[in-house]
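The next block holds one structure in the form of structure tokens; read it before the comments.
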2 protein chains.
Amino acid sequence: MKNEIDKKLTDKNIKPTAMRELVLQVLSEQKTATSLPELERKFEKADKATLYRTLKTFEENKLIHSIDDGTGSVKYALCQDACECHPEDLHVHFLCTRCKKTYCLNDITVPTINLPKNFSLESVNMVVKGACSNCKS
Amino acid sequence: MKNEIDKKLTDKNIKPTAMRELVLQVLSEQKTATSLPELERKFEKADKATLYRTLKTFEENKLIHSIDDGTGSVKYALCQDACECHPEDLHVHFLCTRCKKTYCLNDITVPTINLPKNFSLESVNMVVKGACSNCKS
DNA sequence: AAAGTTTGTGCAACCCAGTTGCAAAGTTAA
DNA sequence: TTAACTTTGCAACTGGGTTGCACAAACTTT
Ligand SMILES: [Mn+2]
Ligand SMILES: [Mn+2]
Ligand SMILES: [Zn+2]
Ligand SMILES: [Zn+2]
């Protein structure tokens, strides 16, 4: 449904170009987070730089958030509706060491940490590794 | 004290070569974690591949652990004496967004997470970002 | 001690994710 | 229509990480 996609874009003040619609479409269909290289493979025809800048725009406008799971390529997933990517919005991510898929555990907020004196908190990246339900033998 | 350094190496079943002694010496002097590129700069003369393999050996033998703080270069820090790098040994890391230094918060163990059904846990990477005590304005 | 074997080092080349400059194409505004 | 701005495509580059290979150094065996 193109109108839904366009609405999501305009709601976040992103001009809905053809490219952006396609990328958001694909991202919306994923159950796990997607990296730039993966996106390149899904769009044989599209240019890496364009995809790169598309993701950057999406992230800057808080339509998606990025996840560094340590695999060497940053992955991206849609933000929850009201997400502002503030520390209190943050959730835990899970990387399956078997299938290498990265899940947003949206229900699991990152635990609060008592930092040492005079350290201030801006954000947290918490990635749990293990076997996902599909891969557990 | 070279004997202390050598002992640390042999205790972890690492043959104490000149290179390894130097690298361990430098790592021991740091209060924050060190990346391979940083190490390269500290050892103008040494070869990148050698340093790389030295770090790898150290890590495999649990003399050091690696920290992916999302800055693009993996950092390394000495393990605690009895550390086996198991989930229960893991601690939180802190990346200062100002000075880019990465601290081991050895006293802060990573909180336990209740994973979704049929997900199993192998390890956790938890990196808190913010301002360190030196950089807090 | 000499010969053989294993281990470590240095160099060069490579891989790949990410990033940037620049010009062409498309869009919007005057 | 022209001008200004935005998006896209291409190419080139950066930088961290990694590997193959030959040489050197350190142990083993005879
Ligand atoms: Mn997420
Ligand atoms: Mn640490
Ligand atoms: Zn899996
Ligand atoms: Zn700092």
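Below, chains carry the letters A, B, ... as their sequence lines are ordered, and counting in each starts from 1.
One interatomic measurement links the two molecules: CD of A:E21 to C1' of D:dT8, which rounds to 15 Å at whole-angstrom precision. Nucleotide D:dG16 holds its P atom 18 Å from the CZ atom of B:R53, rounded to whole Å. The nearest whole Å value for the distance from the CG atom in A:D47 to the C1' atom in C:dA25 is 14 Å. In this structure, B:E40 atom CD and C:dC11 atom P are separated by 13 Å, rounded to whole Å. Between B:L51 atom CG and D:dG17 atom P the separation is 12 Å, expressed in whole Å. Note: CZ (B:F43) to C1' (C:dT9) measures 14 Å, nearest angstrom. Rounding to whole angstrom units, CG of residue A:L39 and P of D:dT8 are separated by 13 Å.
Looking at B:L22, B:V26, B:V23 one by one, the single match for side-chain contact (heavy atoms from CB on, under 4.5 Å) with B:K42 turns out to be B:V26. Among A:E59, A:Q80, A:H93, the single residue meeting the side chain to side chain donor-acceptor pair (under 3.5 Å) criterion with A:H65 is A:H93.
If you check residues 55-76 of chain A against DNA chain D, you find no residue with a heavy atom closer than 4.0 Å. Heavy-atom distances under 4.0 Å link DNA chain C to B:K15, B:T17, B:M19, B:R20 of residues 8-20 of chain B, given in residue order.
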Steps toward side chain to side chain contact (heavy atoms under 4.5 Å, CB included) verdict (B:D89, B:T109): CA-CA 7 Å; B:D89 296 324; B:T109 52; over 6 Å; no
Verdict with reasoning, A:L9 to A:R20, per side chain to side chain contact (heavy atoms under 4.5 Å, CB included): CA-CA 8 Å; A:L9 290 169; A:R20 290 170 180 171; 4.2 Å; yes
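For A:F94 and B:F119, the gap between ring centers is short of 6.0 Å.
Remark: A:R98 engages B:E122 in a salt bridge, criterion side-chain N to carboxylate O under 4.0 Å.
Around the NZ atom of B:K12, the shell of radius 6.0 Å holds more than 12 heavy atoms that belong to other residues, nucleotides or ligands. Residue B:N114 places its CG atom among 12 or fewer non-hydrogen atoms of other residues, nucleotides or ligands, all under 6.0 Å distant.
Of the listed nucleotides (D:dT19, C:dT20, C:dT19), C:dT19 has the atom at the smallest distance from the side chain of A:K48.
Regarding contacts with the backbone of D:dG17, every side-chain N or O of B:Y52 stays at 4.0 angstrom or more from both OP1 and OP2.
Judged by distance alone, with hydrogens and angles left aside, the side-chain atoms of B:D69 form no donor-acceptor pair with the main-chain N or O of B:T102 at under 3.5 Å.
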